[in-house]
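Below is one structure, written out as structure tokens, with a few remarks after it.
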Amino acid sequence: PHLKFRLFDTRTQAQVQSLSMTSQTELLRALVALKQKEADNYASKFKPYPEQREFLDSTRNVSALIGGNRVGKSEVGSFSTYCHATGDYPADWNGIRYMGPVSIWVIGVTSQRVRDTIQVKLLGRLGKLGTGMIPRTKIIPDTIIKKTGTPMAIDIIEIKHISGGISTIQFFSYEMDREKFQGSSVDLIWFDEEPPEEIYNECKMRVLDCQGNIMFTFTPLSGMTPFYDNIMQDEKILKVFLSMDNAKHLKKEDIERLLEGMSDSEKKARRHGVATIGSGKIFNFAEEEYTIEPFEIPAHWRRLGGLDVGLTHPTGAVMAAYDDDSKTVYITNEYRVQNKTAIDHSAHLKHWGVKFMTDPSAFSRQIGSGVSTASIYEDEGLDLKRANNDVDAGISEMRRLIGSGRLYIFSTCQMLLKELRTYRTKETSDGKSKIVKTNDDLVDTCRYTCIDIDANAELPKRFRKKPSIKVFKPADKKVAY
């Protein structure tokens with residue numbers, strides 16, 4: 001029987017089948033060899049889109065490719081990793097070049113996902129090493145260290161560099177403890193999808209001493225997270241956006257089929273790579289509606305502070321001025337510091353000269369010492385009062401004030417403004433909404449202040465009039481009256 005060649009159309013297949021069995025066998029061997037050669041030179045076939053080219057040509061220390069699903073984010077990340085690891089840069093390469101072998105970390109969500117996606121893109125499918133971006137001739141198979149706990153997953157692999165040296169690629173995942181990312185100096189780190197903040201901060205230290213580089217490829221499915229906000233606000237980071245509509249390998253009908261049944265916010269993220277929070281955003285106002293440039297506060301305006309005492313998180317505080325005539329609140333000062341003592345915080349805050357509405361938990365006595373955290377601050381000269389910690393009531397009051405044009409935040413309070421941008425809810429497993437209690441230290445203090453400001457605000461001590469004390473002077477000094 002004749003061999004079947006499914007590579008050809010009907011006419012060509014008929015011509016092939018007219019050949020002798022020996023000729024068909026030789027043709028099949030030639031096609032298999034050609035296919036293997038193409039697999040071993042996958043990188044040579046990669047032709048980046050303009051957006052991908054802009055990302056590859058970046059000379060910034062940190063670059064981010066933010067895109068929709070299936071637009072080739074991982075492909076461009078693996079191609080960049082291949083070029084740096086081997087030193088085999090294409091002729092039209094305008095980005096950063098390493099002149100010798102490098103140490104590279106590749107980090108993804110889970111070990112299994114790293115194995116099934118990034119590892120495949122870089123090295124080839126399981127059992128077919130060298131069919132990814134990095135060809136077989138560049139891989140040193142004897143040096144491969146397998147990852148424990150995840151079958152077929154690679155921990156470390158060595159790659160031949162054109163200089164004659166050896167580059168190393170190590171695979172990590174976000175499920176690992178932060179301590180796993182400590183100690184080493186790394187030339188290049190590739191994050192595939194958004195990293196947790198503590199891992200990202202640790203990895204920034206790893207590239208610091210060798211002036212290394214970081215690149216991100218991700219789809220912002222989690223919305224306006226603190227990480228996404230950091231990326232967007234940092235002008236030093238190159239941001240390149242790649243939409244499904246600009247990915248030429250995706251057909252319009254395929255895009256519509258992939259997005260069918262999704263919410264508008266999810267469609268926007270998956271199609272265009274644009275972060276949205278939708279109904280989960282708590283302060284759904286344009287930032288310019290409640291931001292104002294600093295001005296000199298009139299001396300007769302009352303003031304009030306809010307304090308959130310941190311043990312495992314930063315200690316935060318805000319100061320507000322209250323215009324009694326218009327019932328308007330102005331947040332004028334902010335403070336958020338971690339890893340300091342109550343004495344250190346008090347030394348900074350007592351100069352504000354205001355009363356602080358404070359989280360009620362700070363007044364609870366600690367087991368063992370019998371002393372409350374609040375009492376330490378009070379001993380250092382701060383005037384503290386228990387705040388109303390009803391979260392829903394505090395948020396409602398802030399939203400009411402912003403909506404009515406009676407809450408403004410000085411533009412210098414950048415940490416508070418950043419927290420407000422990312423303050424959101426997420427849906428729980430039972431379908432309910434729950435506030436994401438991270439990076440909200442100053443929002444909490446703002447809640448305490450706004451809900452109680454009318455009843456508790458006072459003039460700062462330096463503006464209070466000293467009471468006049470009348471001294472008795474007898475009309476007749478002899479009889480004393």
Side-chain angles (χ1 to χ4, degrees), residues 43 46-85 87 89-99 102-108 118 121-122 133 174 186-197 199-248 268-276 414 418 421-422:
F46 179 70
K47 305 299 180 185
Y49 298 137
E51 294 83 0
Q52 294 172 327
R53 169 59 64 191
E54 182 183 357
F55 175 76
L56 293 171
D57 286 344
S58 171
T59 56
R60 307 276 187 95
N61 289 334
V62 183
S63 303
L65 179 61
I66 308 167
N69 288 134
R70 301 190 181 183
V71 298
K73 303 184 302 298
S74 296
E75 279 81 359
V76 74
S78 60
F79 180 74
S80 179
T81 302
Y82 152 74
C83 293
H84 295 311
Y89 297 98
D92 58 351
W93 183 273
N94 296 314
I96 292 172
R97 288 176 182 259
Y98 292 94
M99 304 311 293
V102 291
S103 173
I104 300 175
W105 283 3
V106 178
I107 314 175
I118 307 173
K121 298 287 185 186
L122 276 173
M133 284 290 180
Y174 302 150
V186 188
D187 297 297
L188 175 66
I189 298 178
W190 170 25
F191 291 101
D192 191 53
E193 301 304 340
E194 294 186 47
E197 186 176 7
I199 290 179
Y200 176 42
N201 289 337
E202 192 64 48
C203 287
K204 285 194 292 186
M205 298 299 102
R206 305 285 71 80
V207 299
L208 187 62
D209 57 346
C210 59
Q211 296 182 335
N213 302 96
I214 293 176
M215 61 180 182
F216 302 99
T217 57
F218 68 95
T219 299
L221 295 178
S222 299
M224 189 71 70
T225 61
F227 166 79
Y228 183 87
D229 185 64
N230 283 337
I231 292 290
M232 299 308 296
Q233 297 297 321
D234 193 337
E235 295 181 355
K236 296 179 181 178
I237 298 177
L238 174 72
K239 279 85 68 176
V240 180
F241 293 88
L242 179 56
S243 169
M244 279 185 169
D245 299 324
N246 295 330
K248 296 178 182 178
K268 195 172 182 180
R270 291 188 181 275
R271 183 168 194 155
H272 304 294
V274 176
T276 58
Q414 285 295 311
K418 180 179 178 181
R421 284 195 293 270
T422 59

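No experiment lies behind these values; they were computed from the predicted model shown. Values below: all heavy atoms of this structure, side chains included; hydrogens, waters and symmetry mates excluded.
Counting heavy atoms from C-beta on, the side chains of V76 and Y49 never come closer than 4.5 Å. Using a 4.5 Å cut-off on side-chain heavy atoms (C-beta onward), Y89 and Y98 make contact. Q233 has its side chain out of reach of Q414: every pair of non-hydrogen atoms, C-beta onward, lies at least 4.5 Å apart. No side-chain heavy atom of W105 sits under 4.5 Å from any side-chain heavy atom of L188. Using a 4.5 Å heavy-atom threshold, the side chains of N69 and M244 count as touching. In this structure the side chain of P195 reaches within 4.5 angstrom of the side chain of F216, judged on heavy atoms. The shortest side-chain heavy-atom distance between D245 and R271 falls under the 4.5 Å cut-off.
The only member of E197, K204, E202 that meets side-chain contact (heavy atoms from CB on, under 4.5 Å) when paired with Y200 is K204.
A donor-acceptor pair under 3.5 Å links the side-chain atoms of D57 to the main chain of N94, judged by distance alone. The backbone N or O of G68 lies less than 3.5 Å from a partner atom in the side chain of K73, making a donor-acceptor pair.
In this structure, K239 forms no cation-pi arrangement with F241, as its terminal cationic atom is not both closer than 6.0 Å to the ring centre and no more than 45° off the ring axis.
The OG atom of S58 sits 6.0 Å away from the CD1 atom of I96 when rounded to the nearest 0.5 Å. Distance check: I214 CD1 to I237 CD1 gives 8.5 Å after rounding to the nearest 0.5 Å. The CE atom of M133 lies 13.0 Å from the CD1 atom of I118; values are rounded to the nearest 0.5 Å. For the atom pair CD (E193) and OG (S74), the distance works out to 7.0 Å, reported to the nearest 0.5 Å. Here the NZ-CG distance, from K418 to D229, works out to 6.0 Å after rounding to the nearest 0.5 Å. R270 CZ to T219 OG1: the interatomic distance, rounded to the nearest 0.5 Å, is 8.0 Å.
Atom CZ of R53 has more than 12 neighbouring heavy atoms from other residues, nucleotides or ligands inside a 6.0 Å radius.
Between the side chains of S103 and D187, no donor-acceptor pair is found at a separation under 3.5 Å.
Taking every heavy atom of both residues into account, P220 and F218 meet most closely at N-CD1, 3.9 Å. Here the closest heavy-atom approach between residue C203 and residue I107 is recorded as SG-CD1, 3.8 Å. Looking at every heavy atom in both residues, S80 comes nearest to L56 through CB-CD2, 3.7 Å. Of all non-hydrogen atoms in Y174 and D192, the two that sit nearest each other are OH-O, 3.6 Å. Summarising the geometry of N213 relative to R60, their closest heavy-atom pair is ND2-O, 3.5 Å, with the distance given to 0.1 Å.
Taking the ring centroids of F191 and F227, they lie at or beyond the 6.0 Å cut-off.
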- Mind running side-chain contact (heavy atoms from CB on, under 4.5 Å) on F46 and Q52 for me, showing each step along the way? CA-CA 11 Å; F46 179 70; Q52 294 172 327; 4.0 Å; yes
- Task: Tell me, with the steps shown, if W93 and C83 meet side-chain contact (heavy atoms from CB on, under 4.5 Å).
- Result: CA-CA 10 Å; W93 183 273; C83 293; 3.9 Å; yes
